[in-house]
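What you see is a predicted model, and the numbers here were worked out from it, not measured in a lab. The analysis underlying the following values was restricted to heavy atoms, covering all of them including side chains, and did not include hydrogens, waters or symmetry mates.
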Amino acid sequence: MYGIEIDEQYKCCNRVHNTADMVIEAGGVKIGGGSFCMIAGPCSVESEEQIVGIAKAVKAAGAGLLRGGAFKPRTSPYDFSGLKAEGLRLLSIAKKETGLPIVSEIMSSADLELFEDVDILQVGARNMQNFELLAQLGKINKPVLLKRGLGNTLNELLMSAEHIMSKGNSQVILCERGIRTFCEHTRNTLDLSAVPLLKELSCLPVIVDPSHATGISRLVPPMALAAAAAGADGLMIEVHNDPQHALSDGPQALTPEQYADLAEKIRKVRAVL
């Protein structure tokens, strides 16, 4: 019997070889295969009161996972770069308080031990082609949320997923978070065509981050609804209790009240679909 020949370099996640949608589970929450996940929380963890309060609010609105940055790669060396280990400790407190599994960005494999209580390890856009980090994440038994780089093609994103999966970890979630184009009115340009294309090319779940894609809070709801309609397996949305005084990316964050309103609209769109 002959095997199926796959022309593309990415073999592990190729839809030709894996016809069924992959379902990834983190802390009891399923992502993919018809299961829609809502990930919400602040760009950066700032204090225990802040992260616990936001966690309770987004859970009440229906979020299944809590996001929060402890290690923050920033364009300027003078910007707030996260509380690091202390931020992860505060995320763990919020997890205990609410039961929400947590998602947080890892920037170096040297920090892996610190992420023991993190349910999904996020690889940010700047590290999408940090192949040493990807190789190390391929050796662990935890889901990895892989964000598309600012100027990377879909094939390059899938090849980065392949770096993780080829080392043994098949739990990869792809994230479209906008790419750099000539548009000057938004932080990035949200490539929603990536959602059906990635699902056609790959068996991996695909989620969308409209917060980083637009960089403008008022644009997050319409782009989130469009992403849900496009067939995304989930959304990652930034929520802050006081966006005007956020230590990072306040202009793109929704308030808890705005998030609750959006979550209800997304449920209605999903019901139609």
Side-chain angles (χ1 to χ4, degrees), residues 37-47 49-75 79-83 87-88 90-91 94-95 98 100-107 118-126 145-148 150 173 175-179 186-190 192 207-228 232 234-266:
C37 74
M38 292 285 285
I39 307 170
C43 176
S44 298
V45 180
E46 299 171 7
S47 68
E49 180 182 10
Q50 174 239 21
I51 191 61
V52 171
I54 293 173
K56 290 179 178 178
V58 298
K59 181 179 181 180
L65 297 104
L66 171 68
R67 65 146 291 150
F71 291 81
K72 296 298 302 178
R74 306 303 299 277
T75 301
D79 289 339
F80 177 66
S81 58
L83 298 178
L88 292 176
L90 297 180
L91 278 170
K95 179 180 178 179
T98 62
L100 288 176
I102 52 180
V103 182
S104 196
E105 181 171 355
I106 185 167
M107 294 169 57
V118 176
D119 298 276
I120 299 179
L121 277 62
Q122 175 184 311
V123 175
R126 292 175 175 85
L145 193 158
L146 180 63
K147 286 196 164 188
R148 182 182 181 184
L150 279 71
I173 305 158
C175 180
E176 166 58 38
R177 44 81 67 208
I179 52 176
T186 54
R187 181 174 182 175
N188 297 288
T189 298
L190 180 56
L192 281 181
I207 71 168
V208 172
D209 176 354
S211 301
H212 278 92
T214 64
I216 303 170
S217 61
R218 72 177 183 276
L219 299 182
V220 171
M223 291 299 95
L225 292 168
L235 292 164
M236 174 180 273
I237 295 173
E238 290 193 1
V239 180
H240 197 285
N241 57 321
D242 186 7
Q244 288 188 334
H245 297 98
L247 296 182
S248 60
D249 289 347
Q252 66 194 36
L254 300 182
T255 64
E257 294 76 19
Q258 290 171 329
Y259 177 74
D261 180 67
L262 173 59
E264 179 59 30
K265 291 178 180 177
I266 289 170

For the [atom1] atom of [X] and the [atom2] atom of [Y], what is their distance to the nearest 0.5 Å?
{"X": "Ile207", "Y": "Lys147", "atom1": "CD1", "atom2": "NZ", "result": "7.5 Å"}
{"X": "Ile51", "Y": "Ser44", "atom1": "CD1", "atom2": "OG", "result": "9.5 Å"}
{"X": "His240", "Y": "Gln50", "atom1": "NE2", "atom2": "CD", "result": "4.5 Å"}
{"X": "Thr214", "Y": "Arg177", "atom1": "OG1", "atom2": "CZ", "result": "10.5 Å"}
{"X": "Lys56", "Y": "Ile54", "atom1": "NZ", "atom2": "CD1", "result": "12.5 Å"}

If every non-hydrogen atom of [X] is compared with every non-hydrogen atom of [Y], which pair is closest and at what distance?
{"X": "Val208", "Y": "Cys175", "answer": "C-SG, 4.5 Å"}
{"X": "Arg74", "Y": "Ser248", "answer": "NH1-CB, 3.2 Å"}
{"X": "Gly68", "Y": "Leu91", "answer": "O-CD1, 3.5 Å"}
{"X": "Ala94", "Y": "Ala55", "answer": "CB-CB, 4.1 Å"}
{"X": "Leu88", "Y": "Ser104", "answer": "CD2-OG, 3.9 Å"}
{"X": "Leu66", "Y": "Gly41", "answer": "CD1-CA, 4.1 Å"}

Would Ile120 and Ile102 count as a side-chain contact (heavy atoms from CB on, under 4.5 Å) here? Give the steps.
CA-CA 6 Å; Ile120 299 179; Ile102 52 180; over 6 Å; no
May I have the step-by-step check of side-chain contact (heavy atoms from CB on, under 4.5 Å) for Asn188 and Leu150, ending in yes or no?
CA-CA 8 Å; Asn188 297 288; Leu150 279 71; 4.3 Å; yes
I'd like to know if the side chain of [X] and the backbone of [Y] have a donor-acceptor N/O pair within less than 3.5 Å.
{"X": "Gln252", "Y": "Cys43", "result": "no"}
{"X": "Glu257", "Y": "Tyr259", "result": "no"}
{"X": "Gln258", "Y": "Leu254", "result": "no"}
{"X": "Glu46", "Y": "Leu247", "result": "yes"}
{"X": "Arg148", "Y": "Ile179", "result": "no"}

Taking the side chain as every heavy atom from C-beta outward, state whether Val103 and Val118 have any pair of such atoms under 4.5 Å apart.
no
Does Arg67 form a salt bridge (Lys or Arg N to Asp or Glu O under 4.0 Å) with Glu238? I'd like the steps, not just the answer.
CA-CA 8 Å; Arg67 65 146 291 150; Glu238 290 193 1; 3.7 Å; yes
Is the number of heavy atoms from other residues, nucleotides or ligands within 6.0 Å of CZ (Arg218) greater than 12?
no
How far apart are the C-alpha atoms of Asp119 and Lys95, what are their side-chain angles, what is the distance that settles it, and do they pass the salt bridge (Lys or Arg N to Asp or Glu O under 4.0 Å) test?
CA-CA 10 Å; Asp119 298 276; Lys95 179 180 178 179; 3.0 Å; yes
Passes side-chain contact (heavy atoms from CB on, under 4.5 Å), Leu145 versus Ile39? Steps please.
CA-CA 11 Å; Leu145 193 158; Ile39 307 170; 4.0 Å; yes
Take Leu146 and Ile173 through the test side-chain contact (heavy atoms from CB on, under 4.5 Å) and record every step on the way to the result.
CA-CA 6 Å; Leu146 180 63; Ile173 305 158; over 6 Å; no
Apply salt bridge (Lys or Arg N to Asp or Glu O under 4.0 Å) to residues Asp249 and Arg187 and explain how you reach the verdict.
CA-CA 11 Å; Asp249 289 347; Arg187 181 174 182 175; 3.3 Å; yes
Cut-off 3.5 Å, side chains only: do Thr75 and Arg126 have a donor facing an acceptor?
yes
